[in-house]
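I have placed the structure first, in the form of structure tokens, so that the comments after it can refer back to it.
For reference, positions follow the sequence shown, starting with 1.
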Amino acid sequence: MNSIKLQLFKQDESFNKLLISRGFKQIFRVENPLELGNVLSFTDSTTKPNVLFLFDTISCDISIFTINLEILDKILEGIDFSIGFLTPYKDEIDYQNIKYKTPSFDSCFKHSETLTFKAIPLNIEEIILKHLKKYYNTLRNNFGIFDSFYLPIDNKEEIIKKLNENIDGNVSSLTVEDSEYVNNNWPYRSDESIHFIKWACSQEVSASYRIKNEETGENELVSWILMYPDASIGSLFSDPKYRGKGFARKVSSLIILKKLQSQPKQLPYLFIKTDNQPSQSLMRSLGFKTDTQVKWIVCSNK
């Protein structure tokens, strides 16, 4: 098989329009992180793209979009993960324009112990696994299947009105001081996840619900939701003691409002496990629609 090398390039709105004309799907997943400035973009061709890789500089995850499985196969054949995904491009990366990166970023210039491919469409899962098994001892793809949701913006004023009706004075953004508690309750926490969580808790686009603790007199964090570096929202959590009280709806409504304010041209989107019916029902009731199904792949040599 003749491999094809990816090229690092500066992605812009005109390229996104080209992707649409070429038949790429889920363009909202491309436009959202691009606007935040937390990604490096790679493609097989800037004039007739068949494949797009987005590398997240904060979580150091890789997203893949393609309209041609054969070309994707050839591209993966040409990537030497034993030297690190970013190593061939180390002299091309514009480091000064990377808004934020975590310590994990440097590990991608060598054979990193862990690498994650996020929100991978089901039809390309086997192609990716075929190539990764040459470089990693453990491949995990058993995190479940996730539905991809997006919020259609047909009448923004009406959406904002309904969201505001769900909010009360106990909702606010998360703070960096919340990071450790949020990380400890995050189901996917790892040795390095605190770096991402600190970034997420420092963002205006986040939401928390706090109630006064009668014993201490202090406001207690009981529910939250945050934004990922790819601009998706997620990690909805409510303390088990306070579930069933509508707090998840309140924080979800606030973060959607903040997302609409901070990125008014972008569609809010998120991922929910297919068997997580409470979250699925909540987001559908807030107007979200399903788009496709995806999986996560985590490669490890630990």
Do [X] and [Y] have side-chain heavy atoms sitting under 4.5 Å apart?
X	Y	value
Lys273	Ile145	no
Leu76	Ile128	yes
Pro268	Ile153	yes
Ser206	Ile225	no
Arg140	Cys299	no
Phe117	Asp61	no
Gln96	Asp94	yes
Asn219	Asn213	no

With a 3.5 Å cut-off and no angle check, do the side chains of [X] and [Y] form a donor-acceptor pair?
X	Y	value
Thr66	Asn68	no
Ser238	Ser223	yes
Ser148	Thr292	no
Ser3	Glu77	no

Step-by-step side-chain contact (heavy atoms from CB on, under 4.5 Å) determination, Leu72 to Phe53: CA-CA 10 Å; Leu72 173 62; Phe53 278 48; 3.9 Å; yes
Compute the ring centroids of [X] and [Y], then answer whether they are less than 6.0 Å apart.
X	Y	value
Tyr181	Trp186	no
Phe42	Tyr89	yes
Phe196	Tyr228	yes
Tyr209	Tyr242	no
Tyr269	Tyr150	no

Leu226 and Ile233: CA distance, side-chain angles, deciding distance, side-chain contact (heavy atoms from CB on, under 4.5 Å) verdict: CA-CA 6 Å; Leu226 45 79; Ile233 58 178; over 6 Å; no
Candidate list Asn166, Leu236, Leu254, Leu163, test side-chain contact (heavy atoms from CB on, under 4.5 Å), partner Arg249, passing option: Asn166
Show the nearest heavy-atom pair for residues [X] and [Y], with the distance to one decimal.
X	Y	result
Ala248	Ser252	O-OG, 2.7 Å
Ile120	Ile62	CD1-O, 4.4 Å
Lys118	Asp56	NZ-OD2, 3.1 Å
Leu221	Val182	CD2-CG2, 4.3 Å
Ala231	Met227	CA-CG, 3.8 Å
Asn141	Leu129	ND2-CD1, 3.6 Å

Measure from the side-chain N and O atoms of [X] to the backbone N and O of [Y], and report whether any donor-acceptor pair falls under 3.5 Å.
X	Y	answer
Ser279	Asn276	no
Ser281	Pro278	no
Asn164	Ile160	yes
Asp44	Asn50	yes
Lys198	Glu177	no
Ser173	Glu204	yes
Ser208	Ser172	yes
Thr43	Thr46	no
Arg22	Pro49	yes
Arg189	Asn184	yes

Mutual orientation of the aromatic rings belonging to Phe143 and Tyr188 [parallel < 30°, tilted 30-60°, perpendicular > 60°]: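 The arrangement is perpendicular - the two ring planes meet at more than 60°.
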Parallel, tilted or perpendicular, as decided by the 30° and 60° cut-offs, for the rings of Phe271 and Trp296: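 The arrangement is perpendicular - the two ring planes meet at more than 60°.
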CA sep, side-chain torsions, deciding dist, call: Asp178, Arg210, salt bridge (Lys or Arg N to Asp or Glu O under 4.0 Å): CA-CA 12 Å; Asp178 298 318; Arg210 303 170 197 269; 2.6 Å; yes
Salt-bridge contact [X]-[Y] (side-chain N to carboxylate O under 4.0 Å):
X	Y	value
Glu220	Lys212	no
Lys241	Asp239	yes
Lys130	Asp73	yes
Lys74	Glu70	yes
Lys289	Asp147	no

Geometric cation-pi criterion, Arg243 with Phe237: 6.0 Å, 45°: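 Yes, a cation-pi geometry.
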Worked verdict on Ile58 versus Phe105 for side-chain contact (heavy atoms from CB on, under 4.5 Å): CA-CA 7 Å; Ile58 297 176; Phe105 182 80; over 6 Å; no
Using atom types as modelled, flag every donor-acceptor pair under 3.5 Å from a side chain in residues 27-38 to any protein atom, sequence neighbours excluded.
{"from": "Arg29", "atom 1": "NH1", "to": "Gln26", "atom 2": "OE1", "distance (Å)": "3.0"}
{"from": "Arg29", "atom 1": "NH1", "to": "Ala119", "atom 2": "O", "distance (Å)": "3.1"}
{"from": "Asn32", "atom 1": "OD1", "to": "Lys259", "atom 2": "NZ", "distance (Å)": "2.5"}
{"from": "Asn32", "atom 1": "ND2", "to": "Phe28", "atom 2": "O", "distance (Å)": "2.8"}
{"from": "Asn32", "atom 1": "ND2", "to": "Leu267", "atom 2": "O", "distance (Å)": "3.2"}
{"from": "Glu35", "atom 1": "OE1", "to": "Gln266", "atom 2": "NE2", "distance (Å)": "2.9"}
{"from": "Glu35", "atom 1": "OE2", "to": "Gln263", "atom 2": "NE2", "distance (Å)": "3.3"}
{"from": "Asn38", "atom 1": "ND2", "to": "Pro229", "atom 2": "O", "distance (Å)": "3.3"}

Glu13, CD: over 12 other non-hydrogen atoms inside 6.0 angstrom: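 Result for CD/Glu13: open.
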Lys5 atom NZ, over 12 foreign heavy atoms within 6.0 Å: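 Yes, because the 6.0 Å sphere around NZ of Lys5 holds more than 12 heavy atoms from other groups.
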Candidates Lys10, Gln11, Gln7 - the one meeting side-chain hydrogen bond (donor to acceptor under 3.5 Å, both in side chains) with Ser41: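 For Ser41, the side-chain hydrogen bond (donor to acceptor under 3.5 Å, both in side chains) test succeeds with only one of Lys10, Gln11, Gln7, which is Gln11.
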Can you tell me how far apart [atom1] ([X]) and [atom2] ([Y]) are? Round to the nearest 0.5 Å.
X	Y	atom1	atom2	answer
Ile75	Leu6	CD1	CG	4.5 Å
Asp154	Ile159	CG	CD1	6.5 Å
Lys134	Ser82	NZ	OG	11.0 Å
Asp291	Phe149	CG	CZ	10.5 Å

Trace of the side-chain contact (heavy atoms from CB on, under 4.5 Å) decision for Thr116 with Ile297: CA-CA 6 Å; Thr116 299; Ile297 300 173; over 6 Å; no
